[in-house]
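Just below is one structure, and these are the notes that go with it.
Since we're looking at a predicted model, the values are computed, not measured. Keep in mind that the numbers below use all heavy atoms, side chains included, and drop hydrogens, waters and symmetry copies. Just follow the structure's listing: the first ligand is 1, and inside any ligand the first atom is 1.
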Amino acid sequence: MSLIVHKYGGTSMGSTERIRNVARRVAKWHRAGHQMVVVPSAMSGETNRLLGLAKELSPASTTKALQRELDMIASTGEQVSVGLLAIALQAEGLESVSYTGWQVPIRTDSAYTKARIQSIDDARIRADLDAGRVVIITGFQGVDEGGNVTTLGRGGSDTSAVAVAAALKADECLIYTDVDGVYTTDPRIVPEARRLATISFEEMLEMASLGSKVLQIRSVEFAGKYRVPLRVLSSFTDWNIDLAEEAASGTLITFEEAVNMEQAVVSGIAFSRDEAKISLLGVPDRPGIAFSILGPVAEANIDVDVIIQNVSHDGKTDFSFTVPRGDHARALELLKTQVGPAVGASQVVGDARICKVSIVGIGMRSHVGVASRMFRTLADEGINIQMISTSEIKTSVVIDEKYMELAVRALHRAFDLDQAAA
Ligand code: ADP
Ligand code: ASP
Ligand code: MG
């Protein structure tokens, strides 16, 4: 007997018909002798609808007090899902019980809208499992020290599921979604993308952090920290397919470094539109300038990603960096009114029409010339690179947003990731 955690995303929970299918699939696993914990998301579109209502009343929820209420509202989508799934399982003849994050409890810090899980009490879950019940736990939500409801950031149900699996030392965590695994890039953008049978943990971490939303990055971090066996697979197969076949489908996240000489140099391509650029022109080039600019940005709780400082001319330099698009207006205001004048910049300009495209692969460690192949591919397409950032297993470029799909397709082809023609 194994302890298995299933996570079902919004589309997989998108209608009562789909919820019935989820229940039948879970019932199949339970009848095969496994202890089952299920972590569903809100029904598709529900979290957006709920947050949209809040936005009608308060367009920018920047204060902590407002963000507390956003979490109160957004968390209700998952509460409906767990109740519906528990009913559907009971209709299948199984004993089941649903819990919210605060009932478990799943303890988090108080960073509303992006809280981090600190601990999970497994006592209640274990008692139910031992009594033969299927336990259903809300994704996306937790509770802070003060008893306030928190949420884990968009896509956070992945993280709930992996954290629950880690706390229970589950044998496997299966992430059921609307694609049948992790692909070389988002198959919605590149139809030629190929499903990967396995992907290394490090590559998955980079893919998730660079924009592939198939898994929320924190879920991958949890899987790595606690060595949770993790698989991404489709909830759209017939629920009745052979269990062994289902259990081996999709994409397995692996922790062992593949001893595979055939390892592709680049395993995948990630992209993100959630980017904006800010440039300070004509800044005096003196020690401490980066700190004078980026210190206040960090204090305003704005994440900075790619940074570039030009060679100075006549003691002046240009300094550019990227921030999440949602923080662009706030960052630009701060730079224009305070930081720019304080450091003596001649001009502060912003651009929210950029994107970041990245190539990822552990094979890049042992191969030279990978980045230059990327740059040549983009040059051949006439795409101008505005910024570059590299690490051992990825190279990212910032380009004009309007070339994003073109760049992703061209790179996918250039690194031999397209699937063979049928
Ligand atoms: P869920 O609601 O099940 O959590 P998400 O929409 O959050 O599903 O994530 C699944 C989606 O991730 C897919 O529909 C796909 O468009 C997108 N995606 C982005 N990059 C990839 C990738 N490399 N492989 C597979 N899917 C990807
Ligand atoms: N329902 C939440 C969201 O839409 C969490 C999730 O789906 O993972 O972001
Ligand atoms: Mg998701």
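Annotation: side chain of Ile393 is in contact with side chain of Glu202 (closest heavy-atom distance under 4.5 Å).
If you look at ligand 1, the protein residues with a non-hydrogen atom under 4.0 Å away are Lys7, Gly9, Gly10, Thr177, Asp178, Val179, Gly181, Val182, Tyr183, Thr185, Asp186, Pro187, Arg188, Met207, Ser212, Lys213, Val214.
Contact between Gln216 and ligand 2 is absent, with no heavy atom of the residue lying under 4.0 Å from the ligand. The closest approach between any non-hydrogen atom of Gly156 and ligand 2 is below 4.0 Å.
Here ring pair (Phe, Tyr, Trp, His ring centres under 6.0 Å) pairs that include residues 79-130, with residues two or more places apart or in two chains, number zero.
Numbered from 1 in the order shown, with element, the atoms of ligand 2 that lie under 4.0 Å from a heavy atom of Ser41 read 6 (C), 7 (O), 8 (O). Distances below 4.0 Å separate heavy atoms of Gly155 from the following atoms of ligand 2: 3 (C), 5 (C), 6 (C), 8 (O), 9 (O). Remark: ligand 2 atoms within the under-4.0 Å shell around heavy atoms of Arg154 are 3 (C), 4 (O), 9 (O).
For the side-chain contact (heavy atoms from CB on, under 4.5 Å) criterion with Val397, the lone passing option out of Thr390, Ile385, Ile359, Leu411 is Ile385.
The OG atom of Ser119 lies 6.5 Å from the CZ atom of Arg107; values are rounded to the nearest 0.5 Å.
For atom 1 (N) of ligand 2, the choice among Glu78, Met43, Glu46 with the nearest heavy atom turns out to be Glu78.
Of the possible donor and acceptor atoms, none in the side chain of Lys169 sits under 3.5 Å from a partner among the backbone N and O of Leu3. In this structure, Arg24 contributes its side chain and Asn240 its backbone to no donor-acceptor pair below 3.5 Å.
In terms of N/O distances under 3.5 Å, ligand 2 is not approached by Asp158.
Using a 4.0 Å cut-off between charged side-chain N and carboxylate O, Glu333 and Arg330 make no salt bridge.
Donor-acceptor pairing under 3.5 Å is lacking for the side chains of Thr113 and Gln67.
Looking at every heavy atom in both residues, Leu168 comes nearest to Arg126 through O-NH2, 3.0 Å.
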